[in-house]
Undergrad: 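Let me give you the structure first, and then I'll get to my questions.
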Amino acid sequence: AALAGLIWSLGNVSSILTVALLGEGVGYSIVQSQLLVAGLWGVFWYKEIRGMRAIASWFTFAVITVAGIVMLSREHVPVPAEAP
């Protein structure tokens with residue numbers, strides 16, 4: 001149980017840093033893409049989604065999600081550092 005808590009805490013800190021460094025639009029998109037990883041586990045390991053039509057639908061929406069993440073990442077404009 002302690003290892004699971006440690007892994008969860010590491011993921012939580014990483015998501016906070018991602019949003020802080022990349023901004024809300026890109027950061028939240030990347031953080032929420034963890035649903036794709038969880039979905040892949042559900043499809044291939046746990047067999048939670050059955051039937052070719054359901055699996056094809058899942059992959060279709062996964063591709064749309066990835067396309068949205070890519071489009072948002074292209075809109076990211078880094079903030080220039082202030083001169084001392």
Side-chain angles (χ1 to χ4, degrees):
L3 181 61
L6 180 65
I7 292 171
W8 181 86
S9 295
L10 181 64
N12 196 26
V13 169
S14 297
S15 67
I16 291 170
L17 291 175
T18 300
V19 172
L21 293 174
L22 298 177
E24 290 183 11
V26 177
Y28 280 128
S29 298
I30 292 172
V31 169
Q32 291 304 317
S33 68
Q34 56 86 18
L35 293 170
L36 296 172
V37 175
L40 288 171
W41 276 100
V43 170
F44 292 115
W45 183 261
Y46 294 107
K47 309 276 191 254
E48 295 173 332
I49 301 174
R50 295 194 176 129
M52 285 304 295
R53 183 177 174 140
I55 292 172
S57 294
W58 188 90
F59 276 104
T60 300
F61 290 111
V63 167
I64 292 170
T65 301
V66 170
I69 291 169
V70 169
M71 286 188 283
L72 277 172
S73 68
R74 293 182 54 83
E75 290 295 319
H76 177 67
V77 178
V79 178
E82 294 182 23

Undergrad: Shortest non-hydrogen contact from Ala54 to Ile49?
TA: CB-CG2, 3.6 Å
Undergrad: So do the side chains of Ile55 and Phe44 get within less than 4.5 Å of each other, counting heavy atoms only?
TA: no
Undergrad: Name the one of Thr18, Asn12, Val26 that satisfies side-chain contact (heavy atoms from CB on, under 4.5 Å) with Val31?
TA: Thr18
Undergrad: With a 4.5 Å heavy-atom cut-off, do Leu22 and Tyr28 have their side chains touching?
TA: no
Undergrad: Check whether any side-chain heavy atom of Leu10 sits under 4.5 Å from a side-chain heavy atom of Leu6, and report yes or no.
TA: no
Undergrad: Under 6.0 Å from the CZ atom of Phe59, do we count more than 12 heavy atoms belonging to anything else shown?
TA: yes
Undergrad: How many angstroms lie between atom CD1 of Ile69 and atom CG of Leu36, to the nearest 0.5 angstrom?
TA: 6.0 Å
Undergrad: Do Trp58 and Val37 share a hydrophobic cluster, counting only Ile, Leu, Val, Met, Phe, Trp and Tyr and linking them when any side-chain heavy atoms are less than 4.5 Å apart?
TA: no
